[in-house]
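Only one structure is covered here, and it is reproduced in the block below.
Order of the sequence lines fixes the chain letters, A, B, ..., with proteins taken first and strands second; residue numbering starts at 1 for each chain.
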Number of protein chains: 2
Amino acid sequence: MHAREEAILATVNRLLAEKGFDAMTVDQVAYDVGIAKASLYKHFASKEDLAAAAMIRVLDLALAQLEVLKARPNAAPIDQLKAVARWTMEVQLAGAMPSLPAQNSALRAALVGNSIYVDRLMQVSEQLGAWITAGQAAGALKAALPPEVVLYTLFARACDPVLGLLKAGGNYSDAQIIEMLLSTCFDGLAAPALPAKRPPAGARARVTVVG
Amino acid sequence: MHAREEAILATVNRLLAEKGFDAMTVDQVAYDVGIAKASLYKHFASKEDLAAAAMIRVLDLALAQLEVLKARPNAAPIDQLKAVARWTMEVQLAGAMPSLPAQNSALRAALVGNSIYVDRLMQVSEQLGAWITAGQAAGALKAALPPEVVLYTLFARACDPVLGLLKAGGNYSDAQIIEMLLSTCFDGLAAPALPAKRPPAGARARVTVVG
DNA sequence: GTCTATACACAGATAGAC
DNA sequence: GTCTATCTGTGTATAGAC
């Protein structure tokens with residue numbers, strides 16, 4: 001049954017985001033979904049398969065989002081990348097973004113051996129890579145950074161623990177958190193170099209990001 | 001025996017960095033150290049205690065590094081922060097930086113209940129916080145970012161998975177990786193706004209970061 | 001396909017001799 | 001303090017009835 005599997009994957013997604021692969025138990029997945037553990041294994045052959053299917057589902061959602069963005073006629077490449085980063089942060093704040101598999105996790109081996117997962121990941125990477133090189137050619141992204149560095153950075157920001165820390169602190173709205181992290185990701189922590197010795201009076205107000 | 005405990009913590013540190021808390025087993029710690037598991041439990045009461053001691057050790061190393069940096073007479077606050085970030089990246093590339101505990105890990109509860117850990121973390125945070133606010137006052141760091149956002153970002157970059165991804169790719173030296181990630185952290189992915197319509201010819205060459 | 005019940009393996013922790 | 005051997009809980013996975 002397809003709807004059942006969708007419900008399972010949504011639960012897996014949430015638990016992966018909350019606790020990570022190793023700390024997530026199949027028992028809890030079954031309990032949260034409301035079915036018996038044995039029934040889970042009729043749908044997915046192993047815990048690794050379960051997690052891989054959830055990761056693939058996220059990548060499919062991302063690919064759908066990329067199609068939406070590609071339909072924007074006059075968007076600059078850097079704005080497409082910012083829109084993607086914004087979307088991944090929204091997903092993470094919604095508690096639906098599984099963390100990247102740790103360097104040496106049992107999950108990693110299963111994922112690299114999963115051709116569907118690898119294929120989806122390549123599709124996402126290729127679209128982002130196209131925007132990255134276009135953005136560099138347009139002078140909007142630092143041309144000195146290898147595109148793969150930009151790509152990895154965007155993937156990593158999708159799972160940035162800073163979002164969770166700020167949300168747990170409770171001092172900012174989701175929208176404020178996203179604006180601040182987009183700012184640090186694309187513009188950095190440092191203040192921009194002053195173009196003249198005496199900046200205009202409005203220069204400082206313009207960099208205010210939170211409402 | 002103090003030297004023995006130091007050897008244990010170094011091993012725990014490495015395994016925490018490689019696999020994370022959940023995937024690290026006490027059996028492997030004992031095997032790597034070369035002692036029996038029961039002997040480990042004579043030194044540390046639990047797996048959580050073991051990990052907490054390793055995290056405290058890293059914080060102590062960081063505090064020592066902060067003392068070194070504070071001895072520099074004419075360093076600007078932002079340069080102190082960059083030096084700290086550089087040090088944490090070097091530690092991570094050396095395989096000795098444990099990952100931040102996942103949002104809902106069993107480790108997190110143990111850490112927040114460990115007064116020594118909390119105390120050390122506060123000490124580090126206070127020194128970094130002083131440099132952050134000073135850097136903002138000096139106009140070197142974006143004043144629009146709340147200091148805690150800068151602080152969390154620096155902590156997160158100490159465990160940034162981008163370092164591991166780039167190192168695994170094998171295309172860059174450790175020094176190149178660090179320079180690039182320092183650049184993305186402090187200056188962002190975007191190219192700086194052009195101060196004039198026609199930048200000088202040397203402007204592009206100046207942003208080349210890797211050798 | 002869903003369930004209850006169970007097999008199997010392994011990890012955290014301890015007992016007790018030396 | 002270190003060891004071997006063991007207890008105990010828990011987590012993945014499966015058997016077999018319905």
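- OP1 or OP2 of dC3(D) lies within a sub-4.0 Å distance of a side-chain N or O belonging to Ser39(B).
- Distance, Asp27(A) CG to dA5(C) P: 15 Å, rounded to whole Å.
- Residue Gln28(B) contributes atom CD, which lies 14 Å from atom P of dC10(C) at whole-angstrom precision.
- In this structure, NZ of Lys47(A) is placed 8 Å from P of dA13(D), rounded to the nearest angstrom.
- One N or O on the side chain of Gln80(B) and one on the backbone of Leu69(B) form a donor-acceptor pair closer than 3.5 Å.
- Contact of Lys37(B) with dG12(C) (side chain to base): a donor-acceptor pair of N or O atoms is detected under 3.5 Å.
- Using a 4.0 Å cut-off between charged side-chain N and carboxylate O, Asp32(A) and Arg14(A) make a salt bridge.
- The nearest whole Å value for the distance from the OH atom in Tyr31(A) to the P atom in dT12(D) is 17 Å.
- Between Tyr41(A) and the phosphate of dA13(D), there is a side-chain N or O to OP1/OP2 separation shorter than 4.0 Å.
- Here CD of Gln92(A) is found 11.0 Å from CZ of Arg157(A). Values are rounded to the nearest 0.5 Å.
- With dT2(C), dT4(D), dA15(D) as the choices, the nucleotide that has an atom nearest any side-chain atom of Ala36(B) turns out to be dT4(D).
- In this structure, Leu40(A) atom CG and dG11(D) atom P are separated by 15 Å, rounded to whole Å.
- With dT4(D), dT14(D), dG12(C) as the candidates, the nucleotide lying closest to the side chain of Thr25(B) is dG12(C).
- Atom-to-atom, NE2 of His43(B) to P of dG1(D) comes out at 7 Å; the value is rounded to the nearest Å.
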